[in-house]
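In what follows, a structure is listed as structure tokens, so that the remarks can point back to it.
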Amino acid sequence: MFQLFLLAIALYWSSVQMKIHFSANACLLPICCLYGAAVTTVEGVGSTKTRVHPVQERLAKCHGSQCGFCSPGMVMSIYTLLRNYPEPTPEQMTAALAGNLCRCTGYRPILDACKTFCKVRSSDNRNTRLCLLVHISNSLPLLVFFLFKVSTRLFSADEFQPLDPTQELIFPPELMRMAENQPKRTLLFHGERMTWISPVSLDELLDLKVAHPKAPLVVGNTGVGPEMKFRGVFHPVVIAPARIPDLNVVKYMEDGLTLGAACSLSVVKDVLANAISEFPEEKTKVFCAVLQQLRTLGGEQIRNVASLGGNIISRKSTSDLNPILAASNCMLSLVSRGKKRQIPLSDIFAGDGSNTVTPEEILVSVHIPHSKKGEYVFAFRQAPRRENALPIANAGMRVLFEEGTDIIKDLSIFYGGAASTTVCAKQTCSALTGRHWNEQMLDEACRLILKEIAIPGSASGEKVDYKKTLIVSFFYRFFLEVLQSLNTTVKYLLPFQDPCHYPGIPMEYRSVLEDFKTKMPQSVQIYQDIEPNQSPQDPVGRPIMHQSGIKHATGEAVYIDDLPSVDGELFLSVVTSSRAHAKIISIDTSEALKVPGVFDIISAHDVPATNEFYYSDDPEIIFVICVGQIVCAVVADSDVHSKQAAAKVKIEYEALEPVILTIEEAIKHNSFFEPKRKLEQGNVDQAFETVENITEGEIHIGGQEHFYMETQSVLAVPKGEDKEMDVYVSTQHPAFIQEMVAASLGVPANRIMCHVKRVGGAFGGKLLKSGLLASVAAVAANKTGKAVRLILSRGDDMLITGGRHPFIGKYKVGYMNDGRIRAVDVKYYINGGCTPDDSVLVASVSLLKMDNAYKIPHLRCWAYACKTNLPSNTAFRGFGFPQSALVTETWIAEVADKTGLSPEKVREINMYKEKEQTHFKQKLDPQNLIRCWNECMEKSAYYSRKTAADEFNKQNYWKKKGIAIVPMKFPFGLGTPYLSQAAALVHIYTDGSVLLTHGGIEMGQGIHTKMIQVASRELNIPMSRIHFCETSTTTVPNACASAGSAGTDVNGMAVKDACQTLLSRLQPIINKNPKGTWNEWIKEAFEQSVSLSATGYFRGYNDSMDWEKGEGQPFTYFLFGAACSEVEINCLTGDHKNLRTDIVMDVGCSINPAVDIGQIEGAFVQGIGLYTMEELKYSPEGVLCTRGPDQYKIPAVCDIPEQFSVSLLSSSQNPYAIYASKGIGEAGLFLGCSVFFALRDAITSVRNERGLKTSFVLNSPLTAEQIRASCADDFTEMVIESWGRVCSSMSG
């Protein structure tokens, strides 16, 4: 369920002569259901060949596209909203994007583009931004503004073409005539294996149900579709009843609303919102509660197609609607052949089973009643992400009081997420009937609920105690809501009633009644402007739009799977191991070969030469050492056929021991990759004897999935002679692909041509793993003699490729009472997975960067790469630093706790302050570190906001704010000179146009844009004259990987070198004709036989590290930064809201401020994901359970700070890189931990208030579950007590 391929659908309702527009996920929407609809894809919205639509233009010019793979989805969501609301509100805009994901940008520039379409209400946006900017400006030294011209504009709205609704595509007249004139008829579509039937009447539907009793009814395909696609469920017949009028009814009745079962959730949402605005408040409490759940149920693309009836009939535990609909006494109208009846929805979940929906019955409509006087209805949910995420737990609750009293007359409590379906606390409700609504009732209710609602354990790792805590916390919230409502009723309706009869809730409790809402973020970006005397033609230092930005937004940018089909092309699907450690006894492919369209099975025996992936010396025996290891592959004439066949391959295993999955198990079995690394300075043991205090602890940091938008993709095309092969691949390292494919096929590297146009995100995940997959595709192409396309599904990609290393840091810290840290002894363990990959290097870098911004006189640190039976973990943005530096900041915070000092004070005390050496004896000048820290302190107004947060916390019991500021020193360098060499090739053609090629890969970081900027400056020609085609091993051989933030640094030097070579050749011609034009000079050069082609080369940096001595200069230079973040937490649920973040970053002299700020923001939001959200879960057998966007949640629009400021440090120079810039791609990710420590600050406030002052451990990611558990209270104690009673009864 992915937003990358979004459609805008237009339907014409002839009965009311109305056109509706809605967006939908193409991957869920069966084409059969689009009969009579006008479908618009991103290509139809606008293109460079016709007219670029304002949405596409603004998204690109606001820098809202980096890798570009998600951009078409963003365009379609915004475009569809504008078709319905040409001047949307900011709230409508953020809601429209709730179902979209982006891994690159951090969403801020996308939302900037959105704001340009929004209706401005009394200058909301401008005033908020202006206030933020003025505050920041006032905080900065005036000298900065006098000496350096500071800019805050990354784009000019004056350049945008206006949005003119009259110029949009019209609804096709022929479809309109068809809807008005043609009688509705049954639609019948036959596929290869299944039949799709779309009836037009209820009677016909009943007949079909009798004829095909097992056929599912499909309206939105949000339930059946994923089951068929991801779980292999097959339905030979599907019935689609969406066109039946009876199932689409919307009726306003005297006692409520009746809605057809086929009504989409968006229709339900709109109908309820309209009813709430028209009916008295007393009648709409049920409507309000249902509407509240609908606002966060999926994204708009899901709600636009998902049906009300499907949500009910599926009876899924994760339904947000069923608990509240059941609690509200909603009625279901059912019909079967010759029979109609109505049943309460609650009977399905709370009855004895005698009054439920039978297989032959059809749900026609749902009646949602008006609420009554004295009746209160509320719904609650908690999910891994606030929007577009399935709930961990949810609830619907209703209470009806005896008239004029607080005595319970009727009570309904339903929960979702607690069992396999929605459950009712029936016994609890019965026991509480007749009780007063008071604290005694509350205490008894919670205990009864915990006793009645049994929550089973889960193999995916969902903890039972968190769900138990949530279900009682929900009831407590319900108790408060009702108490507040009773008090309000007394106050406004019964003014002469004794106010003591219905006491209101304390002021400090009231804030918890307000849910966190997603607001349109306000942001400001500050950077040093170019010098006044810089040539207008010189683009360096300017916020230039990404060169492919428009093509990204129009869908014209070509990725691997967009490449045209090759004649006879085959599709490859991999077969992976289902065991973590086993010997393969046999592989049975007989059933797979029977599948139509299957061409062949590819195995290790088909590898002509080197098979880099054998794990045994005996090629006849294959041992699998992780779940997800590729065992063999199927090639077929279509992707569908290859997947069907792959599912039919049967593998027989013999289990092997041990199965090692965790770091703890690796330590127990002494399972490590060599070498282990160690660094030491000072006399650690002696220092521990002299310090005043010692603290010890450990922190666990979970792994992270790259979740690049474009999954691993390869197209291998044999050329038919000399064993040549073109390999088109989404990779960061084409030369490595060339090397591996050549070795696998046993041919020289010069026969393998590797091509990369662009990559749809990588973050380190498309280095070594891409080589494995490219080799598989190449072997298949070699064997079959045909082109082979391999595009991994999201689930397979996550299963096979690994990600960021899970990490355990064990530390011992010696410190003085005044906060000075004198000695540190720390051990890092990383989970490397089953093969070495980059694990030892990641462990080494984690040691080198572990000090972050602090000078520790006596330091000893070890790093161990653990060998386990998980897929190999690999490079990921930050490369070990985000983990080891989090460990460091954790013991900094712990020292602050123990000394009673503030964390920022301890950070300042121990920060590098003058020119000194790091723990590996490299010289360091921390001047810009101190500048970043001080500027961040000032512009964030840290101390005044800290005081305000403390005051807020005193006045609020169930909500707390936290604020934290974190410094950063990020060393840049690849450690070895040959890894930073680079080359470029520049051609000048006789028409004056320039073709630029270099070894860098465009994966969203704007490297091609920056290289064109470099060439433009060096050749002194406009960027429009320069073109970049692709990165290829045919033009730049032996290029190093685009990794480690080094792409611009090294390739920029090579491009500069090539351009200077060309310019030196042209200089005599220019000198003779200084007033000539570029074209005249080039023409003259050609006629003088001057070469107009040049290579450029950069030898690399002289980085080195001697691990034996524990010293060296492994890094070229240092980046510095600081981030201040403020959060608010809900202590009842563990939910949190990111309120504000201020970042100051030293990037040297930025070549392109728009690109660099975008990289900082994108990395920061990815860091928020790492430290607070993204959670990988494995089964006890080593199977990854979180294998897609349903289970694995990356940050969305709702997760970015409401106020987001990024400032680039002015007057920063870097003599080691192109134009004094710095490599910025990775550094910003670590600053996401400022949110982690802001959450820690809020939790500390809770614990201090409740007398829980003992030290506590917070692991990463700091999810809602952890936050709730750390905010211990009576409800968490109840859960512990109830669990103890269960365990006692079991043992008894």
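Only heavy atoms go into these numbers, but all of them, side chains included; no hydrogens, no water, no symmetry mates.
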Practice prompt. Kindly indicate, with the supporting measurements, whether the criterion side-chain contact (heavy atoms from CB on, under 4.5 Å) is fulfilled by Leu345 and Val366.
Written response: CA-CA 9 Å; Leu345 173 57; Val366 181; 5.8 Å; no

Worksheet entry | Residue list, ring pair (Phe, Tyr, Trp, His ring centres under 6.0 Å) with His641, at least two apart or on another chain | none

Fill in: Sequence-distant partners of Ser420, side-chain hydrogen bond (donor to acceptor under 3.5 Å, both in side chains), two or more places apart
none

Worksheet entry | Counterpart residues, salt bridge (Lys or Arg N to Asp or Glu O under 4.0 Å), relative to Glu387 (two or more places apart) | none

Item to complete: Report, as yes or no, whether the 6.0 Å neighbourhood of atom CZ on Phe189 holds more than 12 heavy atoms from other residues, nucleotides or ligands.
Response: yes

Fill in: Exam field: side chain Arg243 to backbone Ser201, donor-acceptor pair closer than 3.5 Å
no

Worksheet item: Do the side chain of Lys340 and the main chain of Ser336 share a donor and acceptor less than 3.5 angstrom apart?
Response: no

Item to complete: Could you walk me through whether Leu206 and Ile362 pass side-chain contact (heavy atoms from CB on, under 4.5 Å), step by step?
Response: CA-CA 8 Å; Leu206 292 172; Ile362 303 291; 3.6 Å; yes

Item to complete: Identify the two heavy atoms, one from Ser23 and one from Thr80, that lie closest to each other, and give their separation to 0.1 Å.
Response: N-CG2, 3.4 Å

Worksheet item: Going by distance alone, is a donor N or O of one side chain under 3.5 Å from an acceptor N or O of the other, for Ser573 and Ser642?
Response: yes

Discussion item. Nearest 0.5 Å, please: how far is CE in Met798 from CD in Gln1191?
Written reply: 8.0 Å

Worksheet item: Under 3.5 Å, is there a donor-acceptor pair between the side chain of Ser1179 and the main chain of Val1183?
Response: yes

Worksheet item: ring pair (Phe, Tyr, Trp, His ring centres under 6.0 Å) with Tyr415: which residues, sequence neighbours excluded?
Response: none

Worksheet item: So, Glu591 and Lys594, do they make that salt bridge, N to O below 4.0 Å?
Response: yes

Worksheet item: Quick one: is the NZ or CZ of Arg794 closer than 6.0 Å to the six-membered ring centre of Phe707, and within 45° of its axis?
Response: yes

Discussion item. Suppose the criterion is salt bridge (Lys or Arg N to Asp or Glu O under 4.0 Å): which pairs have a residue in residues 184-196, not counting sequence neighbours?
Written reply: none

Worksheet item: Counting only N and O atoms by type, is there a donor-acceptor contact under 3.5 Å from the side chain of Arg303 to the main-chain atoms of Leu297?
Response: yes

Worksheet item: Pairs in or reaching into residues 286-322: which pass ring-ring contact (aromatic ring centres under 6.0 Å, His included), with residues at least two apart or in two chains?
Response: Phe287-His370

Item to complete: Output every pair passing side-chain hydrogen bond (donor to acceptor under 3.5 Å, both in side chains) with a member in residues 258-268, not counting sequence neighbours, ordered by first then second residue.
Response: Thr258-His367, Ser266-Asn304

Discussion item. Tell me which pairs pass salt bridge (Lys or Arg N to Asp or Glu O under 4.0 Å) where either residue lies in residues 31-42, with sequence neighbours left out.
Written reply: none

Item to complete: Would you mind reporting whether Arg789 and Leu570 have side-chain heavy atoms less than 4.5 Å apart?
Response: no

Practice prompt. Show your working on side-chain contact (heavy atoms from CB on, under 4.5 Å) between Tyr1192 and Lys1177 and close with a plain yes or no.
Written response: CA-CA 9 Å; Tyr1192 186 81; Lys1177 297 178 182 178; over 6 Å; no

Practice prompt. Identify, with sequence neighbours excluded, every residue that meets ring pair (Phe, Tyr, Trp, His ring centres under 6.0 Å) alongside Tyr559.
Written response: Phe69

Practice prompt. Would you check if the side chain of Arg385 reaches a backbone N or O of Pro1195 as a donor-acceptor pair within less than 3.5 Å?
Written response: no

Worksheet item: Between Glu361 and Thr358, is there a donor-acceptor pair closer than 3.5 Å when you use the side chain of the first and the backbone of the second?
Response: yes

Fill in: Shortest non-hydrogen separation from Pro199 to Ile244 and the atoms involved
O-CG1, 3.6 Å

Worksheet item: Would Val238 and Ile197 satisfy side-chain contact (heavy atoms from CB on, under 4.5 Å), going step by step from the backbone distance to the final call?
Response: CA-CA 6 Å; Val238 168; Ile197 309 173; over 6 Å; no

Item to complete: With Ile324 as reference, evaluate Leu294, Val377, Leu291 under the side-chain contact (heavy atoms from CB on, under 4.5 Å) test and give the passing residue.
Response: Val377

Worksheet item: What pairs of residues pass the salt bridge (Lys or Arg N to Asp or Glu O under 4.0 Å) test when at least one of them lies in residues 197-223, not counting sequence neighbours?
Response: Asp207-Arg337

Worksheet item: Regarding Gln301 and Asn100, is there a side-chain donor-to-acceptor distance under 3.5 Å anywhere?
Response: yes

Worksheet item: Taking all non-hydrogen atoms of both residues, which atom of Ala383 and which atom of Pro391 are closest, and how far apart?
Response: CB-CA, 3.9 Å

Fill in: Side-chain donor-acceptor pair present, Gln342, Ser333, cut-off under 3.5 Å
yes

Worksheet item: How far does SG of Cys1185 sit from CG of Leu799, to the nearest 0.5 angstrom?
Response: 10.5 Å

Discussion item. Give me the atom names and distance for the closest heavy-atom approach of Leu792 to Thr711.
Written reply: O-OG1, 2.6 Å

Worksheet item: Taking only residues two or more places apart in sequence, or in another chain, which ones meet Phe414 in a ring pair (Phe, Tyr, Trp, His ring centres under 6.0 Å)?
Response: none

Worksheet item: Can you tell me how far the CG atom of Leu265 sits from the CD1 atom of Ile302, to the nearest 0.5 Å?
Response: 9.5 Å

Item to complete: Please report the closest heavy-atom contact between Val249 and Ser365, naming both atoms and the distance.
Response: CG1-CB, 4.4 Å

Discussion item. Taking salt bridge (Lys or Arg N to Asp or Glu O under 4.0 Å) as the cut-off, I'd like each qualifying pair that reaches into residues 255-273, sequence neighbours left out, listed once.
Written reply: none

Item to complete: To the nearest 0.5 angstrom, please state how far the CG atom of Leu332 sits from the CG atom of Leu363.
Response: 5.5 Å

Discussion item. If we ignore hydrogens and angles and just use 3.5 Å, is the side chain of Asp347 paired with the main-chain N or O of Thr356 as donor and acceptor?
Written reply: no

Item to complete: Scan Thr421, Asn311, Thr422, Asn394 and name whichever one has a side-chain hydrogen bond (donor to acceptor under 3.5 Å, both in side chains) with Ser319.
Response: Asn311

Item to complete: Verify, without hydrogens or angle tests, whether Ser317 (side chain) and Ala419 (backbone) share a donor-acceptor contact under 3.5 angstrom.
Response: yes

Response to the item:
Scanning both residues in full, the closest heavy-atom pair of Ala645 with Val595 reads CA-CG2, 3.9 Å

Worksheet item: Going by atom types alone, do Thr1186 and Glu1175 pair a side-chain donor with an acceptor below 3.5 Å?
Response: no

Discussion item. To the nearest 0.5 Å, what is the distance between CZ on Arg381 and OG1 on Thr318?
Written reply: 10.0 Å

Worksheet item: For the atom pair CG (Asp320) and CD (Gln292), what is the distance rounded to the nearest 0.5 Å?
Response: 10.0 Å

Worksheet item: Charged N to carboxylate O under 4.0 angstrom, Arg1187 versus Asp797?
Response: no

